[in-house]
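The structure appears right after this line, and notes come after that.
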Amino acid sequence: KGSSDSKKVESQLADEKLVKSVLATLGRKVTVTEMLNASAELVAELKTNQKASSVLKRLVDKGEVVKTVEKKVSYFSIA
């Protein structure tokens, strides 16, 4: 069995940087779908809501993005 390595792959770092730049540009709290609809570049890179959610979860865990839930809908904004 291989050892687990916690280093991030360059594509993960690029995805996080792209997501943060889109959130900063929008300047308000948005859903994953709204964020993808606002950026063709983001859609080309991440392709699906599931992948975008995964990147956002990592950013939330690091404290760089804030997640708020209103009426069962998750909104994300820059911390």
Side-chain angles (χ1 to χ4, degrees):
K1 295 186 181 195
S3 64
S4 64
D5 192 311
S6 64
K7 291 183 181 175
K8 292 199 178 200
V9 183
E10 286 200 22
S11 63
Q12 288 178 317
L13 295 173
D15 291 347
E16 288 180 5
K17 187 176 179 182
L18 184 60
V19 167
K20 286 195 293 189
S21 71
V22 170
L23 283 173
T25 302
L26 293 173
R28 60 183 171 85
K29 60 183 182 180
V30 292
T31 63
V32 174
T33 304
E34 289 171 337
M35 187 176 65
L36 288 173
N37 288 340
S39 172
E41 184 182 7
L42 201 58
V43 172
E45 190 67 35
L46 298 178
K47 296 179 179 62
T48 64
N49 281 17
Q50 185 176 2
K51 177 91 187 268
S53 294
S54 169
V55 173
L56 282 163
K57 181 177 181 340
R58 285 198 307 268
L59 290 169
V60 168
D61 290 344
K62 290 194 322 188
E64 296 179 18
V65 170
V66 176
K67 175 182 176 181
T68 52
V69 180
E70 296 174 11
K71 297 181 183 177
K72 299 182 184 178
V73 178
S74 296
Y75 293 93
F76 299 91
S77 59
I78 289 291

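One-based numbering along the sequence shown.
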Response to the item:
Besides V73, the hydrophobic cluster formed by Ile, Leu, Val, Met, Phe, Trp and Tyr side chains linked at under 4.5 Å, directly or via other members, contains Y75
Work out which heavy atom in [X] is nearest to a heavy atom in [Y]; give both atom names and the distance.
X   : Y   : answer
T68 : K29 : OG1-CD, 4.0 Å
G63 : A79 : O-CB, 3.3 Å
E34 : R28 : OE1-NH1, 4.0 Å

Discussion item. Has K72 got a side-chain atom pairing as donor or acceptor with V69's backbone, closer than 3.5 angstrom?
Written reply: no
Worksheet item: Hey, is the main chain of L18 close enough, under 3.5 Å, to the side chain of S21 for a donor-acceptor pair?
Response: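 Present.
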Worksheet entry | Separation of S53 OG from M35 CE (nearest 0.5 Å) |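 With rounding to 0.5 Å, CE (M35) is 7.5 Å from OG (S53).
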Practice prompt. Return the set of residues passing side chain to side chain donor-acceptor pair (under 3.5 Å) with K17 (not counting sequence neighbours), or none when no residue passes.
Written response: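 With neighbours one apart ignored, the set is empty.
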Worksheet item: Is atom CD of Q50 surrounded by more than 12 heavy atoms (other residues, nucleotides or ligands) closer than 6.0 Å?
Response: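 No, the 6.0 Å shell around CD holds no more than 12 heavy atoms from other groups.
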Item to complete: For the pair E45 and K51, evaluate side-chain contact (heavy atoms from CB on, under 4.5 Å) and give the outcome as yes or no after the intermediate values.
Response: CA-CA 10 Å; E45 190 67 35; K51 177 91 187 268; over 6 Å; no
Fill in: Sole candidate of L46, D61, L23, N49 that passes side chain to side chain contact (heavy atoms under 4.5 Å, CB included) when paired with L56
L23
Fill in: F76 and its side chain to side chain contact (heavy atoms under 4.5 Å, CB included) partner, picked from V19, V32, T31, V66
V32
Practice prompt. Starting from the C-alpha separation in whole Å, work towards a yes-or-no answer on side-chain contact (heavy atoms from CB on, under 4.5 Å) for I78 and E64.
Written response: CA-CA 6 Å; I78 289 291; E64 296 179 18; over 6 Å; no
Discussion item. I'd like to know if K62 pairs up with E16 as an ion pair, taking the criterion as any Lys NZ or Arg NE/NH1/NH2 lying under 4.0 Å from an Asp or Glu carboxylate oxygen.
Written reply: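 Yes, charged N to carboxylate O under 4.0 Å.
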